[in-house]
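Structure first, commentary second.
Only heavy atoms go into these numbers, but all of them, side chains included; no hydrogens, no water, no symmetry mates. A note on names: the letters A, B, ... follow the listed sequences, proteins ahead of strands, and every chain is numbered from 1.
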Amino acid sequence: MFWLLETRGSKLETKLMKRAFPILGVLTAILLIYALSIALNPVVHIFGLTLNGAPTEQTMGNVQRIFYYHVPSAWTAFLLFFINFVASIQYLARANPKTDRMVCYVVVAIGVVVFAASFFIPLPAGMRPSAVGTTGLLFTGLYFLVRTLFSHADTDVLAAVTAEVGVVFCLIVLVTGPIWARPVWGIWWAPGDIRLTSTLVLWLIYVSYLVLRRFSASGQTPHLAAALAVLGALCVPFVYLSIWFFRTQHPQPVMGGGGSIDPLMLHVLLMNWLAFSCFAFLVCWSRYRLEKLQREVDEAHALRSLNDDPRTAR
Amino acid sequence: MNPYLFAAYAVTWIIHIAYIGTIVRRYARLKHEIEELKK
């Protein structure tokens, strides 16, 4: 399989991929099966053990169980677009050492200001200051984590990969949402609804990002794509916060938004999110290796054609 | 099982499997390219 192919990257990376990937793959598969079984059944019997699954919701019945795939898919897509945003900023900033240093200071300042401001600025009802503050710190932490783990060229690969996998998860959100809406609202789609429309726009932005990367042959493509990703990422908080600031038919948040959720339902929701996050991580990892290999092969093709050219051959 | 619930879960996995299928296909193409380059 593709994880057995060696790239020019560090030996440690290749060794880690060969040893850890199959183990993580099996663990993720077990986690996905467990998460699926507790999402579908109120009581699960595995190897003589009786486990509590998600209870059946009284108003919507079993259709509500779509929530355990719809919401974790949305969270995973947002997380991937967030990583894409961080990687794109780094790709643009690290092209110039001066800009890189300046952006590092700005990122630290954003983390500190957002964390401090979240406790002083009045937030919309139900929005927890700790959640907003943590998001600010998470942004700063993730920025420096990516900076430590990836070289300048690799941030472009990371951005491309996370956008692609994010589009897949966002597509699942856009498909499972209407399937839930049809029996509950009586319609597949609520035209003009801000949450639904902004999610569709977000998906289209990232599809255009992938189309740009796929079909543009210019040497400036990574820079253009990174600029588009930075602007596109602004849509993510808009989509997420739209249910707080606008009247929408979409259900209000059950976590951090003043709503409440049964502890068992919360457990099932978080287990599914964990399973999807592990799955997304593995898909991104394999796709990352594939992208790096593809670039090495393209480079080899270019070198070969340069050597074959009688004008450049020595 | 509720048909809408079944449809939502089935579509989710169809999309994931289709995407993994494209990755595997790209890998096969790349492997072929590497073999061509080695010749």
Side-chain angles (χ1 to χ4, degrees), chain A residues 1-6 32 36 39-41 56 60-70 72-73 161 164-165 167-184 272 276 279-280 282-284 286-287 289-301 303-304, chain B:
Chain A
M1 281 306 289
F2 45 84
W3 61 81
L4 297 177
L5 283 173
E6 290 205 13
L32 281 166
L36 175 68
L40 285 177
N41 305 293
T56 306
M60 288 182 269
N62 277 330
V63 177
Q64 182 271 340
R65 292 179 190 277
I66 293 174
F67 166 84
Y68 303 116
Y69 263 34
H70 177 78
S73 297
V161 165
E164 196 177 290
V165 182
V167 161
V168 172
F169 276 94
C170 198
L171 176 66
I172 289 166
V173 176
L174 286 169
V175 173
T176 53
I179 295 175
W180 170 86
R182 183 69 183 88
V184 177
N272 272 282
F276 276 143
F279 178 69
L282 289 181
V283 173
C284 284
S286 11
R287 186 63 191 84
R289 299 279 293 181
L290 202 62
E291 185 66 28
K292 281 189 85 171
L293 263 175
Q294 181 68 61
R295 288 180 186 210
E296 283 173 23
V297 168
D298 290 346
E299 209 177 292
H301 272 304
L303 273 173
R304 175 177 270 198
Chain B
M1 190 191 263
N2 183 298
Y4 291 101
L5 179 64
F6 176 78
Y9 278 53
V11 157
T12 300
W13 284 108
I14 287 168
I15 292 171
H16 280 313
I17 290 165
Y19 178 61
I20 291 170
T22 64
I23 294 179
V24 172
R25 218 171 42 240
R26 277 187 236 181
Y27 156 72
R29 208 170 48 221
L30 198 65
K31 200 179 166 190
H32 181 72
E33 272 184 58
I34 292 169
E35 277 162 15
E36 286 285 308
L37 271 169
K38 279 180 181 169
K39 278 179 192 170

- Message: Main chain of B/Leu37, side chain of A/Arg304: is a donor-acceptor contact present, judged purely on distance under 3.5 Å?
- Response: yes
- Message: Heavy-atom pairs under 4.5 Å with chain B: which of A/Trp180, A/Phe169, A/Tyr68 has the most?
- Response: A/Phe169
- Message: Nearest 0.5 angstrom please: B/Thr12 OG1 to A/Leu171 CG, how far?
- Response: 9.5 Å
- Task: Find out whether A/Gln294 and B/Arg26 are in side-chain contact, i.e. whether some heavy atom of one side chain is under 4.5 Å from a heavy atom of the other.
- Result: no
- A/Leu303, part contacting chain B, at a heavy-atom distance under 4.5 Å: neither
- Query: For A/Leu293 and B/Leu30, which heavy atoms make the closest approach, and how far apart are they?
  - Reply: CB-CD2, 3.4 Å
- Message: Please classify the contact of A/Val175 with chain B as side chain, backbone, both or neither, using a heavy-atom distance under 4.5 Å.
- Response: side chain
- Can you tell me how far CZ of A/Arg287 sits from CD1 of B/Ile20, rounded to the nearest 0.5 angstrom? 13.0 Å
- Message: Let's test your reading of the structure: which of A/Val283, A/Val165, A/Ile66, A/Val63 forms the most heavy-atom pairs below 4.5 Å with chain B?
- Response: A/Ile66
- To the nearest 0.5 Å, tell me how far A/Ile172 CD1 sits from B/Trp13 CH2. 8.0 Å
- Message: Within this structure, what is the CG-CE distance for the pair B/Asn2 and A/Met60, rounded to the nearest 0.5 Å?
- Response: 12.0 Å
- Item | Residue selection (most heavy-atom pairs with chain B, distance under 4.5 Å) from A/Leu36, A/Val168, A/Thr176, A/Ile179 | A/Ile179
- For the pair A/Phe279 and B/His16, name the ring-plane relationship: parallel under 30°, tilted 30 to 60°, perpendicular over 60°. perpendicular
- Would you mind checking which part of B/Tyr19 comes under 4.5 Å of any heavy atom in chain A, side chain (CB onward), backbone (N, CA, C, O), both or neither? side chain
- Task: Verify, without hydrogens or angle tests, whether B/Tyr9 (side chain) and A/Arg65 (backbone) share a donor-acceptor contact under 3.5 angstrom.
- Result: yes
- Item | Which of A/Glu164, A/Arg182, A/His70 touches chain B most, by non-hydrogen pairs under 4.5 Å | A/Glu164
- Query: How many angstroms lie between atom CG of B/Leu5 and atom CG of A/Asn62, to the nearest 0.5 angstrom?
  - Reply: 6.0 Å
